[in-house]
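Below you'll find the structure, written out as structure tokens, and then a few comments.
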Amino acid sequence: MEWTIQELAARAGITSRTLRHYDRFGLLAPSRVGANGYRYYDSTAVARLQRILLMRRLGMGLPAIAEVLADEVDTCDGLRAHIAALEEERDRIERQIRSVRHTLEALKAGAEPQMDVMLAGFNDHYKDEVISRWGERAFQEGNDWWHGKTLDQQRAWKQATEELVAAWVAAAKAGVSPTSEHAQSLAAWHIQWLSQIPGTPTAEGDRERSIEMVKGLGDMYVDDPRFAGMYDDAAGAAFVRDALHAYARTW
């Protein structure tokens, strides 16, 4: 089966001029050109156009698209990557839909919308970092868990977190050893705190992955300035790391 350039343009929602531009740019040549000069496109060409349009939708420029297609060895691998990107975008849009619907329903009921819920899907600051360390499912479950809380529940969680951090800071300033009974009790509290977050190995009871995660978190508290500041200073972050590492060795 083949389509003419006009048929393909109509079905793709673009213009014939755009298809000719893609040809000149080296992105999409017609499958064949008839004796009458008409351009024809088969299913392979349409599949390539599908990918071009998707990458354009994701904000990629034509040079970048050309580079991706030129470097690609396995078309199926490329399609899998596109599916993953689309699923990620779908999940983000679904979170935004839920947040906007929450706002609408609250306003219709004469209630005050929950401020943090209104920004769900718009404020996933640490998404890439969480996914790179612990996977997509860990991010999604944790994100849904957080945004499923009421504002009071979120405040209570933040208060409990602040109490844990304050206890760590006080212990570090008191000069106790990371392997002391007090520091190890704080480490146990820290693990219990983590276990409340769905998607984490501690919540799932996965001992080996939990040990790996706790040690990784300890390292991150020292390596990432954002966390070093949270524990008052670099020495405080190092104290937390050393205590967590010691706890992990005896888990």
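Numbers here are sequence positions counted from 1.
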Quick one: salt bridge (Lys or Arg N to Asp or Glu O under 4.0 Å) partners of Arg56, sequence neighbours excluded?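 Counting only residues at least two positions away or on another chain, Arg56 forms no salt bridge (Lys or Arg N to Asp or Glu O under 4.0 Å).
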Set of residues satisfying salt bridge (Lys or Arg N to Asp or Glu O under 4.0 Å) with respect to Lys173, sequence neighbours excluded: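 With neighbours one apart ignored, the set is Asp232.
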For a 4.5 angstrom cut-off between non-hydrogen side-chain atoms, does [X] reach [Y]?
X: Leu49; Y: Tyr41; answer: no
X: Lys215; Y: Leu244; answer: no
X: Tyr247; Y: Leu186; answer: no
X: His245; Y: Asp219; answer: yes
X: Asp223; Y: Met220; answer: no
X: Thr179; Y: Asp242; answer: no
X: Leu69; Y: Ile52; answer: yes
X: Ile197; Y: Trp157; answer: yes

With [X] via side-chain hydrogen bond (donor to acceptor under 3.5 Å, both in side chains) - residues at least two apart:
X: Glu163; answer: Gln159
X: Gln50; answer: none
X: Thr161; answer: Trp193

Of the non-hydrogen atoms in [X] and [Y], which two are nearest, and what is the gap between them?
X: Val169; Y: Met230; value: CG2-O, 4.4 Å
X: Trp189; Y: Ala167; value: CZ3-CB, 3.7 Å
X: Phe239; Y: Ala183; value: CZ-CB, 3.9 Å
X: Ala203; Y: Pro198; value: CB-CA, 4.2 Å
X: Ala12; Y: Leu53; value: CB-CD1, 4.1 Å
X: Ala45; Y: Ser31; value: CB-OG, 3.6 Å

Heavy atoms of other groups near Glu67 CD, more than 12 under 6.0 Å: no
Okay, side chain of [X], backbone of [Y]: is any donor-acceptor separation there less than 3.5 Å?
X: Gln184; Y: Pro178; result: yes
X: Thr200; Y: Ser195; result: no
X: Arg32; Y: Asp42; result: no
X: Ser210; Y: Asp206; result: yes
X: Glu204; Y: Pro201; result: no
X: Arg48; Y: Leu27; result: yes

Between Gln192 and Thr202, is the side chain to side chain contact (heavy atoms under 4.5 Å, CB included) condition met? List the steps. CA-CA 8 Å; Gln192 190 275 333; Thr202 50; over 6 Å; no
Other ILVMFWY residues reachable from Tyr40 by side-chain steps of under 4.5 Å: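 Besides Tyr40, the cluster holds Tyr38.
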Between atom CZ of Arg20 and atom OG1 of Thr18, what is the distance when rounded to the nearest 0.5 Å? 10.0 Å
If you apply the rule side chain to side chain contact (heavy atoms under 4.5 Å, CB included), what do you find for Val222 with Val240, and how did you get there? CA-CA 9 Å; Val222 173; Val240 177; over 6 Å; no
Is there a chain of hydrophobic side chains (I, L, V, M, F, W, Y, each step under 4.5 Å between heavy atoms) that links Leu19 to Met1? yes
Val33 reachable from Tyr22 in the ILVMFWY side-chain graph, under 4.5 Å edges: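 Unlinked, Tyr22 and Val33 end up in two clusters.
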Salt-bridged, Arg39 to Asp23, with N to O below 4.0 Å? yes
How are the rings of Phe25 and His21 set to each other: parallel, tilted or perpendicular (split at 30° and 60°)?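 Answer is tilted, since the angle falls between 30° and 60°.
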